[in-house]
Amino acid sequence: MADPMRIRAQSSGGNAVVRVLMSHEMESGQRRDSAGKLVPAWHIMEVTASHNGKTVMTAEWGAAVAKNPFLQFTVKGAKAGDKITINWKDNKGDSRTDEATIS
Amino acid sequence: MKNRRDMLQRSAVVAGLLASTGLFPQFAHAAFNKNAFDAKNVADSVKAYGAGALTESKDITITGPDIAENGAVVPLGASTALAGVKQLLILVEKNPSVLVAMFNVTEAIDANVTTRAKMGQSSDVYAVAIMNDGRALFAKKEVKVTLGGCGG
Amino acid sequence: MYKKTLWGAAACALLLASAAAQQPKTASQGIDEYRAMLQDGNPADLFEAKGEGLWKQKRGPKNATLEQCDLGKGPGVFKGVFVELPRYFPDTKRVQDLESRLLTCMSTLQGFDEAELAKTAFGRGEQNNLTALATWIAAESKGMKFNLSQSHAQEKVFYEVGKRLFFQRAGSHDFSCASCHGEEGKRIRLQDLPRLTQNPGDGVGFAAWPAYRVSNGQMWGMQQRLNDCYRQQRFPYPGFASDATIALGLYLGVNSKGAVSIAPAIKR
Amino acid sequence: MNKSIKKWAVTAAAGLLLAGCASLPSSAELDSLTQTIVKASFRTEGQALVERVTAVDDTNRLCSQADVAGKPLDEKVAKAIEESNFKAIKWPADGKFLGDWKQGEAIAQSGRGLTWTDPAKSANGGNCYNCHKMAPQEISFGTLGPSLYQYGKLRGVSDPNSPASKPIVEYTWGKIWNSKAYNACSNMPRAGHAGILTEDQVRHIVALLLDPNSPVNK
């Protein structure tokens with residue numbers, strides 16, 4: 001199973017800035033292994049962000065997002081103590097959900 | 001910086017739990033837009049999301065470095081203060097597949113997202129905002145990718 | 001944070017040489033900007049979290065945690081140990097760096113096979129776990145100043161050996177560590193090279209590792225950093241936690257006395 | 001090597017210390033201990049044979065010693081090193097010093113070859129841009145060595161095949177082939193002498209530096 005995400009969510013001026021690091025290879029599908037064979041693409045495809053259980057953003061990602069992806073966005077009207085939940089799914093069917101409390 | 005770790009919120013693991021309780025119902029219907037990610041140029045990729053012709057706009061901002069020390073990790077951001085944004089796209093013109101990421105924007109977030117892309121070579125990078133009315137507004141800038149290290 | 005002073009002279013040369021006249025920004029300023037953009041959101045955080053978990057987790061043939069591991073300040077103490085390593089350990093009668101010492105603890109406390117683990121390739125299996133542990137231990141000394149001991153005779157001997165290794169010209173290209181790190185203000189390609197015969201400054205050189213390498217998306221401890229230096233010097237392969245790598249690390253660490261540790265850093 | 005030496009360098013250090021009370025071993029003892037530690041710590045991997053550190057030549061040994069001492073080599077020793085390296089230079093068998101600058105540029109750009117991860121049969125690069133500024137189009141160049149931009153032009157070479165250019169052409173070949181022939185403890189690798197570059201590759205680098213059509217001389 002994939003390693004946990006690191007989610008930082010900080011309130012500022014009535015909003016909350018959310019920064020997420022995800023542990024994922026994000027294999028491009030362009031790279032060849034030592035035997036010269038193409039390594040198949042393996043990447044996060046879908047990301048969902050929720051604020052206190054309500055979806056605030058969804059995203060589609062390709063293989064060109066960098067390894068161990070970083071994501072930053074700002075949730076309007078979110079305050080300290082609120083919950084931010086992030087979920088990702090990759091093209092191999094693996095997924096991960098982590099939650100953080102806004103500070 | 002010194003208290004960075006303290007500021008970090010420990011991510012509570014609730015894997016599978018939320019997903020199975022149906023807190024993410026849209027995932028059941030979410031259709032990854034393969035055509036947009038297979039597209040070899042910016043126009044085709046944007047078209048795959050049903051948007052109209054591309055128009056350059058000062059209201060859209062693309063953020064990224066002028067020079068990336070390494071193409072493996074290039075921070076790129078797309079933002080706009082305009083209302084009525086449906087989607088934000090980040091694209092790299094000279095990548096084998098141009099689209100890096102697409103974000104569905106809701107009223108609950110700022111139309112301002114940042115992620116990090118892989119770039120195979122120096123290229124123009126694009127931020128595209130697809131508006132609720134179907135317009136596709138964009139901004140672009142050049143990012144030079146240098147050869148880092150000793151090349152070994 | 002990155003030192004910008006070294007870039008001054010080069011910046012002028014590049015400004016003249018660069019065709020990017022439409023923007024009054026030099027290549028080196030551009031790269032500084034790029035580096036600054038990456039500071040916020042260092043994937044080393046992922047390894048740090050993993051390492052903390054591993055420290056407290058019962059693992060290995062003995063199904064034990066590492067919480068009784070003595071990294072130099074007594075069993076279980078992890079705050080501040082990193083900036084005093086490598087040091088002499090009376091129980092093993094050896095000078096050890098952080099990774100060598102973690103190897104000892106994983107062997108004595110958890111029952112892992114030390115030789116087997118030392119042979120494992122970087123980034124694989126228990127080596128990957130060891131790197132995560134080193135990342136977390138290092139992070140627990142973030143902001144502290146390096147202050148390696150030179151009181152034990154063995155520590156003094158290792159400094160002298162490390163110095164000789166630093167200046168050792170060998171391999172197919174006649175390179176020594178000093179070929180690149182012996183002078184102030186030099187670059188290889190566009191990378192500025194810290195002078196490591198003295199304190200190169202806060203968060204530079206020894207004070208930046210373990211670090212996340214964006215070029216390959218890997219987390220590297222000091223052992224891997226030195227291993228890759230030797231690879232690029234065209235030397236043969238230095239054993240993991242071998243006396244040569246520990247002595248060289250100790251030499252760099254003693255020279256860095258007073259430098260503030262920023263580890264785990266993020267690097268090209 | 002017998003096993004007792006290889007066993008643990010630390011034991012050797014401890015032995016030295018016991019013999020010499022608490023004071024530091026002599027410089028010669030430390031040199032010897034360092035060699036013991038090197039032998040115990042490094043191993044052959046891929047094409048990077050352990051002999052690369054256990055069997056260094058006098059040039060490297062003497063220059064390393066001078067570096068540790070922080071003093072330049074004795075003048076006579078330096079001269080002797082330069083002479084022996086000069087004698088070892090292999091001049092082009094057919095008298096042709098210049099190749100194709102375009103191939104030279106590719107070789108100058110490449111930093112590959114001879115590491116334990118490089119396949120033994122792959123072509124080696126020259127590593128030139130790692131340390132030198134050369135063609136102005138390449139902004140990613142190092143500063144460990146002097147700038148070589150306009151190398152030929154600044155030396156007045158308009159026709160590298162003319163008799164007047166001969167001394168510069170020969171020096172350029174010799175310097176690339178064996179840098180230590182001209183500066184005993186130069187930081188520059190001995191590209192030809194150490195088998196890093198082939199004779200043909202050296203020709204291409206010489207052309208990159210001296211051909212008036214090369215971007216280096218624009």
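Reckoned from all heavy atoms, side chains included, excluding hydrogens, waters and symmetry mates. Throughout, protein chains are lettered first and strands after them, A, B, ... in sequence-line order, and every chain is numbered starting at 1.
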Query raised in the report: Going by the ring pair (Phe, Tyr, Trp, His ring centres under 6.0 Å) test, which pairs reach into residues 107-145 of chain B, not counting sequence neighbours?
Result: B:Tyr126-B:Phe138
Query - Within 45° cone of C:Trp209 ring axis and under 6.0 Å: C:Arg225 NZ or CZ - result: yes
Requested in this report: Decide whether C:Asn147 and C:Lys257 meet the rule of one side-chain donor and one side-chain acceptor closer than 3.5 Å.
Outcome: yes
Query - Between B:Asp44 and B:Asn41, a side-chain donor and acceptor under 3.5 Å - result: yes
Query raised in the report: Do any of residues 103-119 of chain B have a heavy atom less than 4.5 Å from a heavy atom of chain C, and if so, which, in residue order?
Result: B:Arg116
Query raised in the report: With no hydrogens and no angle check, do the side chains of C:Asp228 and C:Gln232 hold a donor and an acceptor under 3.5 Å apart?
Result: yes
Query - Polar side chain donor-acceptor pair, C:Glu99 to C:Gln224, under 3.5 angstrom - result: no
